[in-house]
2 protein chains.
Amino acid sequence: MDKREQLVRVAFDLFYREGVHAVGINRVLAESGVAKKTLYHHFPGKDDLLAATVGYRDALFVGWLQERLRGIPAGRDALLALFDALDDWFHGRDDRILPFHGCYFINVSAEYGDPTHPVHIQCARHKTAVRAILEPHVEKVASSDIEREALLDAVCLLKEGAIVRAHVESNGDAAREARQILARLMAV
Amino acid sequence: MDKREQLVRVAFDLFYREGVHAVGINRVLAESGVAKKTLYHHFPGKDDLLAATVGYRDALFVGWLQERLRGIPAGRDALLALFDALDDWFHGRDDRILPFHGCYFINVSAEYGDPTHPVHIQCARHKTAVRAILEPHVEKVASSDIEREALLDAVCLLKEGAIVRAHVESNGDAAREARQILARLMAV
DNA sequence: ATCAAAGTAGACCGATCTGTCTACTTTTAG
DNA sequence: CTAAAAGTAGACAGATCGGTCTACTTTGAT
């Protein structure tokens, strides 16, 4: 059992559910059953552990999304499948992604609001990565370059909007609402 | 000078810029120049001060939004004006709203992720209140009840999406992107 | 003028924070 | 077999946390 991995998993779980500043290093140690010395052997400090949890979640989420889109015809269907995936996530119907407590990257960015902070930048990069995954599917749907950019923006805006509304307002319909709007946009 | 108001303003400013858990009560006292006894005379504890900051920001934001929509023809124009207002907010071009550090209600919800927590509920209510402000304008544009609900959802989703993308990704174009998509939706 | 309410400064409390360190044990690779 | 690497438990340090309290001063309404 890799202690480093163990620490990152437990830290992510706690940070995600309760917030980064609300969870002390000692909580992480107690719940992971790892010694303090070991933590500071792998990470210089809490910030570095946090950065590792962001990286962990990034890989997890991107992997999950790609798996959800695999096998679905590229283009229109895949973009709609994104929102089906979100809907399953919000309702805890997909075991491959952990229970929904909002978007970890939005949550962390909220606690580290300074856009020049390394961990904030890391969160921004995740969003860029997800956008890059969606880009080729938009390509198949859009007729012009302008269309392509606008549609990609729409998908990303609706995605973020759905996640936020699902979390802040406990709105379980958010993903389906966003899906419907996207369908209408693509019908034009 | 109302000490209570003073405390709420300073606390909001600090919580908004640095996060709730990251800012101690002593910081609030030092920066507001108020004695600790006075704080605990007005508020039972930090949570109550936090709740007051959320109420303060709610009133401020709702007032600002209503002012921005005043004088604009109800309906289509007002909905587009919402995103013009957001664009000004993101770029610090409107002195009536404080500099942009994301949505306070999203940020607070991120730190208080439990949807049953009083302060989380308070944040959710703010979102409902803003939705209620937009509702009559959607009414003027939509042709049917189904249209009405879908369009209102779209406006709210795009609004949240724009705020998140502006903050997390430091995307200054987010509001204009959202505006363009809404315009297209209403053109149908 | 008086008296209660609201304010001041700041010592103090126990708890918790991040991070360091000692002393010892287990694991693993050559 | 052995030596380095990685692990353990937990005491400890200094700072800060939210919150209480004493002792005193200012303010404002009657």
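Atoms considered below: every heavy atom in the structure, side chains included; atoms not considered: hydrogens, waters and symmetry mates. Labels below follow one simple rule: chain letters A, B, ... track the order of the sequence lines, proteins then strands, and each chain is numbered from 1. These numbers were taken from a predicted model, which means no experiment stands behind them.
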Rounded to the nearest Å, what distance is computed from the [atom1] atom of residue [X] to the [atom2] atom of nucleotide [N]?
| X | N | atom1 | atom2 | answer |
| --- | --- | --- | --- | --- |
| B/Gln6 | C/dA6 | CD | C1' | 13 Å |
| A/His42 | C/dG19 | NE2 | C1' | 17 Å |
| B/Leu39 | C/dA6 | CG | C1' | 14 Å |
| A/Phe43 | C/dT18 | CZ | P | 15 Å |
| B/Leu49 | D/dC17 | CG | P | 14 Å |
| B/Leu7 | C/dG7 | CG | C1' | 12 Å |
| B/Lys3 | C/dA5 | NZ | C1' | 15 Å |
| B/Leu14 | D/dG18 | CG | P | 12 Å |

Sugar-phosphate only, base, or nothing, as touched by [X] at under 4.0 Å among non-hydrogen atoms:
| X | value |
| --- | --- |
| B/His21 | nothing |
| B/Val28 | nothing |
| B/Lys37 | base |

Over all atoms of both residues, closest heavy-atom pair of B/Val8 and B/Thr53: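 Heavy-atom minimum between the residues: O-CG2, 3.7 Å.
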Smallest separation among heavy atoms of B/Leu182 and B/Leu80, with atom names: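 Smallest interatomic distance, heavy atoms only, reads CD2-CD2, 4.2 Å.
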Let's see if you can work this out: which of [options] has an atom nearest to the side-chain heavy atoms of [X]?
| X | options | value |
| --- | --- | --- |
| A/Asn26 | D/dG10, C/dA9, C/dC17 | C/dC17 |
| B/Lys36 | C/dC17, D/dG7, C/dA11 | C/dA11 |
| A/Val34 | D/dG18, C/dT18, D/dT8 | D/dT8 |
| B/His41 | C/dG19, C/dT8, C/dG7 | C/dG7 |
| B/Tyr40 | D/dG19, C/dT18, D/dT22 | D/dG19 |

Residue-phosphate contact under 4.0 Å: A/Lys46 side-chain N/O, C/dT18 OP1/OP2: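 So the side-chain polar atoms of A/Lys46 do come within 4.0 Å of the phosphate oxygens OP1 or OP2 of C/dT18, strictly under.
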Geometric class of the A/Phe105/A/His126 ring pair [parallel <30°, tilted 30-60°, perpendicular >60°]: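 Ring orientation, 0 to 90° scale: parallel.
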Among B/Arg68, B/Arg93, B/Lys159, B/Arg179, the one residue meeting salt bridge (charged side-chain N to carboxylate O under 4.0 Å, His left out) with B/Asp87: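 That would be B/Arg93; it is the only one of B/Arg68, B/Arg93, B/Lys159, B/Arg179 passing the salt bridge (charged side-chain N to carboxylate O under 4.0 Å, His left out) with B/Asp87.
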Electrostatic pair B/Glu169-A/Arg131, nearest N-O below 4.0 angstrom: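 Salt bridge between B/Glu169 and A/Arg131, a charged N being under 4.0 Å from a carboxylate O: no.
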